[in-house]
There are 2 protein chains.
Amino acid sequence: MASGTAANQKTRWRTPCQQCPLRSLPDFRDFSAKELEFVSQFKSGELSAERGATILVEGMHSAHLFTVLSGWAFRYKLLPDGRRQIMNYVLPGDLIGLQGSLMGEMDHSVEALTSVTLCLFERSKLGRLFERHASLAYDLTWIAAQEESILDEHLLSVGRRTALERTAYLISFLHQRAHLSGMSGGKRVVPITQQHVADTLGLSLVHTNKTLRKLADRKLMRWQDRGCEILDPDGLLALAGWEGLQRGPRPFI
Amino acid sequence: MASGTAANQKTRWRTPCQQCPLRSLPDFRDFSAKELEFVSQFKSGELSAERGATILVEGMHSAHLFTVLSGWAFRYKLLPDGRRQIMNYVLPGDLIGLQGSLMGEMDHSVEALTSVTLCLFERSKLGRLFERHASLAYDLTWIAAQEESILDEHLLSVGRRTALERTAYLISFLHQRAHLSGMSGGKRVVPITQQHVADTLGLSLVHTNKTLRKLADRKLMRWQDRGCEILDPDGLLALAGWEGLQRGPRPFI
DNA sequence: CGAGCCGTTGAACCAGTTCAAAGACCGTGG
DNA sequence: CCACGGTCTTTGAACTGGTTCAACGGCTCG
C-alpha cells in the first residue's frame, strides 16, 4: 500500500504553454492565441513529484489545480481500515484537483506512479476563466463530464463484470489512454503493479495475479516488469464487452 | 429488468422558473434576477414520464438537457448480455443529459422510478449560457464535479465495501439525498425495489434480500412496500464507514 | 380469478478471498 | 564482491461471501 511521503518539489518554470509538447498530439484540440495567452498567465509554475509521492490528499484544501505534463499518477480513496479503491489514472494532459477547487476540499488522493511533472494553476484565477473565456469554461465542463463517463464505465466493470472481463477492460482502457496521450509505441508498458490492478478492480492481489495469468495464457497480453504489454487489443475489447474510448478532439487546459 | 417503453409526453408549460418550488429549498443557492431570466428562456417546456418509462437511452443523441422537477429516476448502463449496473439516482433539482449534450451521445440510460416531471432545456442554447452567464457555467461545472464525487464514493462501495457495508451506505445515501431534496419527512420511503438495490451495489437479488434482512434485524432500517424506512441513520453511517454527503449551498439550473 | 411483480427462504455451489510460502529482482551498505 | 532486505510476482490449498437454482406466498390490477 502507499508509503510515499509528499516529497513534492517546486521547480523553476520550464515549459511555456505556447510550446507545450502536448499541444501537438492529434487528440487535443487547437487553441486560439487568446486562449493560449490566458492559459499561459493562468499557469503559475511547475511541480515535480517522484514515484510514490502523494500529490494531493483527501480532505486537503488546495490552492491549486494541476495538469499533468509528463508521467503517470492515480486517484484513489481509502476506507477507515485501509482498504483502497483506485478510481482512475491520470496521464499527460489530464487535469487534477478540479473537484477540490470547486467543492472546497479534496474527496480523494492522488499519488504518482512514475516521476511526474505538473503544471500549476491558481485556483483564485478560476473565476476569471469562467468570466472571460467561455470556451475554456466549456472545456472544463467537458473534462468533468468525460471523467464522469469513465467512472460510469469503471463502475459497470466493478459492479457487473467478472474478474476476467474486468481485467481485460482495465488493460484495454489503460492501453487506449496511453496511446491517446502519445505514450505508447504500441508495445509500451503501463507502470503499475498487480496491486494497483487489484485495487482498481475490487479484487484481491492473489486473484488478480491468477486472472492476469489467464489473459496471458490466452495470448491477449503479457505481464512484464511492472506493467503489461498488449498482444491482442481487439480480443481484450471483445472479452470485456467494451466499446472503447470515444475519440475526437479533446480539450485541455 | 427494465421493460418500460419511452412513453414520454410533452406537456404544456406549467411552472415558471420564477416560481420554481425547488428554489425555496434551503440547500439550493439563490439566483440573481438576471440569471433567473436567462434560465427562464433557456427552458423550452416540460415533459412528464410514468414509472418505468425510459427518459434517455444509451447511444442516443439528444437535443435536450433536463432538470428533474418532481419524482425519482435512475441512471444505468447495460452489458451486451443484459447485466445492469445502476450508476446513480436522480432527484428533484438534478440535471440529466449533460454528458450527452457535451459529448455527442449518451453513454448511459435514464429510467423513471416514479412519475416524473422534467424541465426541458435546449442544448443549442448551451453555448450562450457559457458566453453570457459565467456564474451558470460555473454551476454546470460544479454539478459535474459533484456527480464525479458521488461516483467515486459508489465505486469505493462496490469495489471495497462488504455487502452489509455497501447496503448501509446506499440506504444512507438515498436517505440523505431525499432529505436534501425536500422529499422526506424523515420516515419517508424511497421508491425502489430490491432489484434496484442489487443492481446499484453489484450484488445478486437474493443476497441483497438477505443483507437487507440483516440490517432490519439490527434495527437500522425496515423494508416496506417498495422502499425502505430509516430507523437509525447514524448506525448506518457508522456501519458503512461513510462521512455522509457534504452540505452547503448547491447550484441548480 | 389469473397473471405478474415483488419479497422471502432454503440448499447447493463456486468465484474469489485468505493464508502461507517461496522465488525473482532489485538497490544498498558492509 | 556478496549479503541483506525490500518490493513484486507466483503458486498451492483451505475457506467463505456471495451466487444460482428453485419454490412459494402476498399483493395488485385488469
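Just so it is clear, the structure is predicted and the values come from calculations on it, not from any experiment. Just so it is clear, the values below take in all heavy atoms, side chains as well, and ignore hydrogens, waters and symmetry mates.
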Practice item. Starting from the C-alpha separation in whole Å, work towards a yes-or-no answer on side chain to side chain contact (heavy atoms under 4.5 Å, CB included) for B/R84 and A/R160. Key: CA-CA 7 Å; B/R84 180 174 74 172; A/R160 289 307 188 200; 5.7 Å; no
**Study point:** The single option from B/I230, B/T167, B/L231 passing side chain to side chain contact (heavy atoms under 4.5 Å, CB included) against B/L236
**Key:**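 Of all the options given, the one that passes is B/I230.
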Revision key, fill the gap. Exactly one candidate in A/V197, A/D199, A/I192 meets side chain to side chain contact (heavy atoms under 4.5 Å, CB included) with A/I86; the answer is A/D199
Nearest-Å distance, [atom1] ([X]) to [atom2] ([N])?
{"X": "B/H196", "N": "C/dC5", "atom1": "NE2", "atom2": "C1'", "result": "12 Å"}
{"X": "A/R51", "N": "D/dT7", "atom1": "CZ", "atom2": "P", "result": "10 Å"}
{"X": "A/D199", "N": "D/dC8", "atom1": "CG", "atom2": "P", "result": "12 Å"}
{"X": "A/I192", "N": "D/dT7", "atom1": "CD1", "atom2": "P", "result": "19 Å"}
{"X": "B/L201", "N": "D/dG17", "atom1": "CG", "atom2": "P", "result": "18 Å"}
{"X": "A/D217", "N": "D/dT10", "atom1": "CG", "atom2": "C1'", "result": "13 Å"}
{"X": "B/Q195", "N": "D/dT20", "atom1": "CD", "atom2": "P", "result": "11 Å"}
{"X": "B/Q224", "N": "C/dG7", "atom1": "CD", "atom2": "P", "result": "12 Å"}

Check your understanding: Any side-chain heavy atom of A/W242 sitting closer than 4.5 Å to one from A/S172?
Key ->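 A/W242 reaches A/S172 side chain to side chain.
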Review point. Does a side-chain N or O from A/Q194 land closer than 4.0 Å to OP1 or OP2 of D/dT10, or not?
Key: yes
Review point. Between B/N209 and C/dG7, does any side-chain N or O lie under 4.0 Å from OP1 or OP2?
Key: no
**Study point:** Between CG on residue A/L78 and CD on residue A/E58, distance to nearest 0.5 Å
**Key:**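 With rounding to 0.5 Å, CG (A/L78) is 6.5 Å from CD (A/E58).
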Under 3.5 Å, side chain of [X] to main-chain N/O of [Y], donor-acceptor pair present?
{"X": "B/Q176", "Y": "B/L245", "value": "yes"}
{"X": "B/D94", "Y": "B/L91", "value": "yes"}
{"X": "A/H108", "Y": "B/D152", "value": "no"}

Anything under 3.5 Å between a protein N or O and an N or O of nucleotides 26-29 of chain C, put it in a table, one pair a line.
none

Point to revise | Axial cation check for B/Y169 ring with B/R161, 6.0 Å and 45° limits | key: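 Output yes; distance and angle both within limits.
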Exercise for review: Assign each of A/R226 and A/R213 to its nearest nucleotide of DNA chain D by heavy atoms, then name whichever residue's nucleotide is nearer the 5' end.
Suggested key: A/R226
Review point. What does the inter-axis angle of the helix from C/dC1-D/dG30 to C/dG30-D/dC1 come out as, five pairs per end, nearest 10 degrees?
Key: 30°
List, with names and distances, any nitrogen or oxygen atoms from the protein found under 3.5 Å away from nitrogen or oxygen atoms belonging to nucleotides 15-22 of chain C.
from   : atom 1 : to     : atom 2 : distance (Å)
C/dG16 : OP1    : A/A163 : N      : 3.2
C/dT17 : OP1    : A/S204 : N      : 3.1
C/dT17 : OP2    : A/S204 : N      : 3.1
C/dT17 : OP2    : A/S204 : OG     : 2.9

Check your understanding: In terms of heavy-atom contacts, does CZ of A/R250 have more than 12 from other residues, nucleotides or ligands at under 6.0 Å?
Key -> yes
Check your understanding: Should A/R83 and A/D81 be marked as a salt bridge (charged side-chain N to carboxylate O under 4.0 Å, His left out) after you check the CA-CA gap, both sets of side-chain angles, and the distance that decides it?
Key -> CA-CA 6 Å; A/R83 280 171 283 175; A/D81 67 355; 3.1 Å; yes
